[in-house]
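Quick notes on the structure that follows.
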Amino acid sequence: MSLTRPPGVYRPQDDTWLLAEALAEAGIRPGAAVLDVGCGTGALSIAAATVRPRSITAIDVCRRAVWAARVNTVLRGVRAEIRHGDAFALVAGRTFDLVLANPPYVPGREGRPRGRHRAWDAGLDGRVQLDRLCVNAPLLLAPGGTLLVVHSGLCDEEKTLAQLRGGGLKATVVARADVPFGPVMRGRRHQLVAQGFITPEQSTEELVVIRGDRQATT
């Protein structure tokens, strides 16, 4: 998929496409209300259009990403409401049938990231945004709704599963893939080794897609 991507906007890569494949196999019914959390270029919103949703809402904290997502969806004839800001604040009180998320998950740095680093830096354990998502997912999902989230296995998939289950969702890993380290992980190798996230010889990480389902009302 060729997408417009200005400087500073996350480039769709292995994690994006793994999540898109999981979406294609998820059996989402037509007519879903979709939320794309941290939409970046809009790649996942475009992928979500294949399930024939009734609406797509896409949100990102990066203004350039919002612009890129608007351009890319328009060029492909995908109707989407694309907004700038914090997703959980902007959609508070609304529910969705499908929530897609490829949040920042690279561990190793303290402090609030700025600029393009917001697309990947996620605190010392890589879970700053993942934890927020897990807390908010049960509130965001309509009865019978589905969450699909991708992140690195370095960020403790069992914690994600436990948090989602603690919120009343049925949660399971639906896809895995081993991928070579990208530029960020390669640049942070020594720090990640020192923190015990990877071994000195390690050059790949496992990506996981986790599905969370809210029980349908009877």
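Through direct or indirect side-chain contacts shorter than 4.5 Å among Ile, Leu, Val, Met, Phe, Trp and Tyr, Ile82 is connected to Val66. Leu124 belongs to no hydrophobic cluster, as no Ile, Leu, Val, Met, Phe, Trp or Tyr side chain comes under 4.5 Å of its own. By the 4.5 Å side-chain criterion applied to Ile, Leu, Val, Met, Phe, Trp and Tyr, Trp67 is assigned to a cluster that also includes Val71, Leu75.
Between Asp86 and Arg132 there is a salt bridge, since at least one side-chain N of the basic residue sits less than 4.0 Å from a carboxylate O of the acidic one. Taking a cutoff of 4.0 Å between a charged side-chain nitrogen and a carboxylate oxygen, Asp97 and Arg29 do not qualify as a salt bridge. With respect to Glu157 and Arg176, a salt bridge is recorded, a charged nitrogen being found less than 4.0 Å from a carboxylate O.
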- Item | Criterion side chain to side chain contact (heavy atoms under 4.5 Å, CB included) on Leu130 and Val149, from CA distance to verdict | CA-CA 9 Å; Leu130 275 169; Val149 54; 4.0 Å; yes
- Evaluation steps, side chain to side chain contact (heavy atoms under 4.5 Å, CB included), between His151 and Val209: CA-CA 7 Å; His151 67 77; Val209 176; over 6 Å; no
- Task: Assess whether side chain to side chain contact (heavy atoms under 4.5 Å, CB included) is satisfied between Val179 and Glu205, documenting all intermediate values.
- Result: CA-CA 6 Å; Val179 301; Glu205 63 177 325; 3.9 Å; yes
- Show your working on side chain to side chain contact (heavy atoms under 4.5 Å, CB included) between Val37 and Ile59 and close with a plain yes or no. CA-CA 6 Å; Val37 178; Ile59 303 174; over 6 Å; no
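Across all non-hydrogen atoms, the minimal contact from Val78 to Ser45 is CG1-O, 4.2 Å. The shortest heavy-atom contact between Gly85 and Val61 is O-CG1, 3.5 Å. Scanning all heavy atoms of the two residues, the minimum distance from Leu3 to Pro12 falls at CD1-CG, 3.8 Å. Across Ala137 and Leu164, no two heavy atoms sit closer than the pair CB-CD2, 4.1 Å. For the pair Thr4 and Asn72, the tightest heavy-atom approach, listed with the atom from each and the gap, is N-OD1, 2.8 Å. Counting all heavy atoms, side chain and backbone alike, Asp60 lies closest to Gly40 at OD2-N, 2.8 Å.
Counting heavy atoms from C-beta outward, Val193 and Thr199 have side chains that stay 4.5 Å or more apart. At a threshold of 4.5 Å between non-hydrogen side-chain atoms, the residues Leu35 and Leu100 do not count as touching. Counting only heavy atoms from C-beta outward, the side chains of Leu154 and Val106 never approach each other to under 4.5 Å. A heavy-atom distance below 4.5 Å is found between the side chains of Cys134 and Thr160. Counting heavy atoms from C-beta outward, Val128 and Pro104 have side chains that stay 4.5 Å or more apart. Between Val51 and Leu23, some side-chain heavy-atom pair lies under the 4.5 Å cut-off. No side-chain heavy atom of Thr146 sits less than 4.5 Å from a side-chain heavy atom of Val99. Counting heavy atoms from C-beta outward, Cys39 and Leu44 have side chains that stay 4.5 Å or more apart.
Side chain of Arg64 to main chain of Pro7: a donor-acceptor pair is present (N/O by atom type, distance under 3.5 Å, no hydrogens or angles). No donor-acceptor distance shorter than 3.5 angstrom exists from the side chain of Arg54 to the backbone of Ala32, with no hydrogens or angles considered. Judged by distance alone, the side chain of Arg186 and the main-chain N or O of Phe181 form a donor-acceptor pair under 3.5 Å.
The hydrophobic cluster containing Val34 also contains Leu90, counting ILVMFWY residues as joined when their side-chain heavy atoms lie under 4.5 angstrom apart, directly or transitively. Note on Leu139 and Phe96: separate hydrophobic clusters, where clusters join Ile, Leu, Val, Met, Phe, Trp and Tyr whose side-chain heavy atoms are under 4.5 Å apart, directly or indirectly. Cluster membership for Val135 and Leu133, using ILVMFWY side-chain heavy atoms within less than 4.5 angstrom, is not shared. Hydrophobic clustering of Ile, Leu, Val, Met, Phe, Trp and Tyr side chains at less than 4.5 Å, counting indirect connections, keeps Val9 apart from Leu19.
Atom CE of Met185 is separated from atom OG of Ser152 by 5.5 Å, given to the nearest 0.5 angstrom. Of the inter-residue distances, the one linking Leu98 atom CG with Leu147 atom CG reads 8.5 Å to the nearest 0.5 angstrom. Atom CD in Glu21 sits 7.0 Å away from atom CD in Glu25 (nearest 0.5 Å). With values rounded to the nearest 0.5 angstrom, Arg118 atom CZ is found 5.0 Å from Cys62 atom SG. Between atom OG1 of residue Thr57 and atom CG of residue Asp36 there is a gap of 9.5 Å, rounded to the nearest 0.5 Å. Atom-to-atom distance recorded for Leu169:CG and Leu161:CG is 11.0 Å, nearest 0.5 angstrom.
A donor-acceptor contact closer than 3.5 angstrom links the side chains of Gln163 and Arg127. Counting only N and O atoms by type, the side chains of Tyr105 and Asp15 include a donor and acceptor under 3.5 Å apart. Using a 3.5 Å distance cut-off with no hydrogens or angles, the side chains of Thr204 and Asp178 do not pair a donor with an acceptor. For the residue pair Thr41 and Arg11, no side-chain donor N or O sits within less than 3.5 Å of a side-chain acceptor on the partner.
Under the ring-ring contact (aromatic ring centres under 6.0 Å, His included) criterion, Trp17 pairs with no residue at all, not counting sequence neighbours. Listed by chain and number, the residues in a salt bridge (Lys or Arg N to Asp or Glu O under 4.0 Å) with Arg188 are Asp121 (sequence neighbours excluded). Residues passing the salt bridge (Lys or Arg N to Asp or Glu O under 4.0 Å) test with Arg70: none are found, sequence neighbours excluded.
Annotation: Arg76, atom CZ; neighbour count of heavy atoms from other residues, nucleotides and ligands within 6.0 Å is above 12.
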